[in-house]
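See below for the structure under consideration.
No hydrogens, no waters, no symmetry mates; every other heavy atom, side chains included, goes into these values. Because the structure is predicted, anything quoted here is derived from the model rather than measured.
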Amino acid sequence: MADEIVLSFHDSLLRRSDLSLLEEGCWLNDRLIGFIFDYFTYNAFKQVSDDVLFISPDVTQFLKLGQGPEIGVFIDPLNFPSRKLIFFAVNDSDSPNSAGGSHWSLLMYDRQRNVFHHYDSFKSHNVSAAKSLAKKVEPFLTATPSFFIEERCPQQENGHDCGVYVICITEQLCNNFIGHTEKSLVGSILAEDVRRKRKSIKSLILELGRKKT
């Protein structure tokens, strides 16, 4: 059977094979995380789209491995200086052609504090990749040196839920921003929440797909 398209949504194109990765035990790919970042931008957090920016995994990979002038070509249209929060889905791949690798974590830049916050659901596995990314994009964000902080966050209980944790943590941080709260991530995102999130993302994709047809 052909790998049929199940949803075309802004910059995201999802196929049946992508949808299958939302089953328990599967590792989320860059297309699924990119879709959720699109959904956050145009739907869930549309009300703060002028202040909050979600960078897709493939662009994040390019920024992490690129050089100054070519990075600027990608960054300039995104209007980094006007954003209060910027989210990057970071992976541990060293390939410029793939936002794959074996692990996802979340890097968030907070303009008010001039801090890069790194949230890694598997100890500090991605800290080197996250620091490399922060160093590359820092000149486009601030004229003064920024800080990099490894934050405490919920820890995954297996080897495949990292991408779902990135989504859940991003969602909670955005809700904190909108509600002007500092709700702790530890204790507020549980393993059961992650399992439910897989199901809710699958339902969302299928629902949006039906509306398109």
Side-chain angles (χ1 to χ4, degrees), residues 5 7-15 18 28-120 125-150 162-163 166-167 169-171 173-174 177:
I5 295 172
L7 177 63
S8 176
F9 183 83
H10 294 278
D11 294 330
S12 297
L13 185 71
L14 298 178
R15 296 183 178 275
D18 300 316
L28 268 60
N29 63 14
D30 56 316
R31 289 184 293 276
L32 286 167
I33 295 175
F35 157 70
I36 286 296
F37 275 18
D38 272 351
Y39 184 76
F40 285 168
T41 299
Y42 297 105
N43 291 67
F45 301 113
K46 183 178 180 180
Q47 70 269 41
V48 291
S49 60
D50 288 340
D51 294 327
V52 179
L53 182 64
F54 304 92
I55 305 295
S56 67
D58 54 336
V59 172
T60 293
Q61 182 71 352
F62 179 84
L63 297 179
K64 185 181 75 178
L65 300 177
Q67 300 302 319
E70 58 186 3
I71 289 177
V73 172
F74 270 81
I75 287 181
D76 288 345
L78 298 175
N79 202 11
F80 270 24
S82 71
R83 312 292 187 164
K84 295 180 180 178
L85 296 180
I86 304 177
F87 292 93
F88 305 87
V90 184
N91 67 76
D92 59 352
S93 171
D94 291 326
S95 169
N97 301 316
S98 172
S102 62
H103 184 60
W104 294 107
S105 63
L106 178 70
L107 183 68
M108 182 189 78
Y109 177 71
D110 180 346
R111 178 166 301 282
Q112 182 178 0
R113 296 179 174 89
N114 193 24
V115 170
F116 286 95
H117 302 269
H118 186 225
Y119 304 88
D120 195 327
H125 180 87
N126 268 8
V127 64
S128 177
K131 284 183 174 180
S132 177
L133 172 63
K135 185 177 180 180
K136 291 289 181 68
V137 301
E138 182 186 48
F140 301 93
L141 286 166
T142 174
T144 57
S146 61
F147 296 92
F148 182 99
I149 300 176
E150 276 287 299
C162 53
V166 165
I167 291 168
I169 291 170
T170 302
E171 187 172 36
L173 291 170
C174 286
F177 175 74

Between the main-chain N or O of L13 and the side-chain N or O of R31, is there a donor-acceptor pair closer than 3.5 Å? no

Can you tell me if N29 uses its side chain to pair, donor with acceptor, with the backbone of L32 under 3.5 Å? yes

Should we count CD of Q47 as having more than 12 external heavy atoms under 6.0 Å? yes

Does the K64 side chain pair with the main chain of A129, one donor and one acceptor, at a distance under 3.5 Å? no

Tested for side-chain contact (heavy atoms from CB on, under 4.5 Å) against H117, the lone hit among D110, L106, L85 is D110

In Å and rounded to the nearest 0.5 Å, what is the CG to CZ distance from D51 to F45? 13.5 Å

Can you tell me if W104 uses its side chain to pair, donor with acceptor, with the backbone of L28 under 3.5 Å? yes

If we ignore hydrogens and angles and just use 3.5 Å, is the side chain of E138 paired with the main-chain N or O of F116 as donor and acceptor? no

Does F37 offer a backbone N or O that forms a donor-acceptor pair with the side chain of T41 under 3.5 Å? yes

In Å and rounded to the nearest 0.5 Å, what is the CD1 to OH distance from I55 to Y109? 13.5 Å

So which atom in N91 and which in S93 form the shortest heavy-atom distance, rounded to 0.1 Å? OD1-N, 2.8 Å

Is the side chain of D120 donor-acceptor paired with the backbone N or O of H125 at a distance under 3.5 Å, no angle test? yes

Say whether S105 and H118, considering side chains only, have a donor N or O and an acceptor N or O under 3.5 Å apart. yes

OG1 (T60) and CZ (F88) are apart, to the nearest 0.5 Å, by 6.0 Å

Look at the side chain of N114 and the backbone N and O of F147, then say whether any donor-acceptor pair between them is shorter than 3.5 Å. no

Considering all heavy atoms, the nearest L141-R111 contact: O-NH1, 2.8 Å

Modelled atom types, side-chain donor and acceptor of D50 and S82, under 3.5 Å: no

So do the side chains of N79 and P77 get within less than 4.5 Å of each other, counting heavy atoms only? no

Approximate separation, where rounding is to 0.5 Å, of T170 OG1 and F87 CZ: 5.5 Å

Shortest non-hydrogen contact from R83 to V52? NH1-O, 4.0 Å

Considering all heavy atoms, the nearest I33-A89 contact: CG2-CB, 3.8 Å

Could you tell me whether the side chain of D92 and the main chain of H103 form a donor-acceptor pair under 3.5 Å? yes

Could you label the plane-to-plane angle of the F74 and F62 rings as parallel, tilted or perpendicular, counting under 30° as parallel and over 60° as perpendicular? tilted

Is a side-chain N or O of D18 found less than 3.5 angstrom from the main chain of R15, in a donor-acceptor match? yes

Going from CD on E70 to CG on L63, what distance comes out if it is rounded to the nearest 0.5 angstrom? 9.5 Å

Among V166, V137, L133, which residue satisfies the side-chain contact (heavy atoms from CB on, under 4.5 Å) criterion with L107? L133

Measuring centre to centre across the rings, with the benzene-like ring taken for any Trp, is F54 within less than 6.0 Å of F40? yes

Answer yes or no: does atom NZ of K136 have more than 12 heavy-atom neighbours from other residues, nucleotides or ligands under 6.0 Å? yes

Find the distance between CG (N43) and OG (S49) and round it off to the nearest 0.5 Å. 11.0 Å

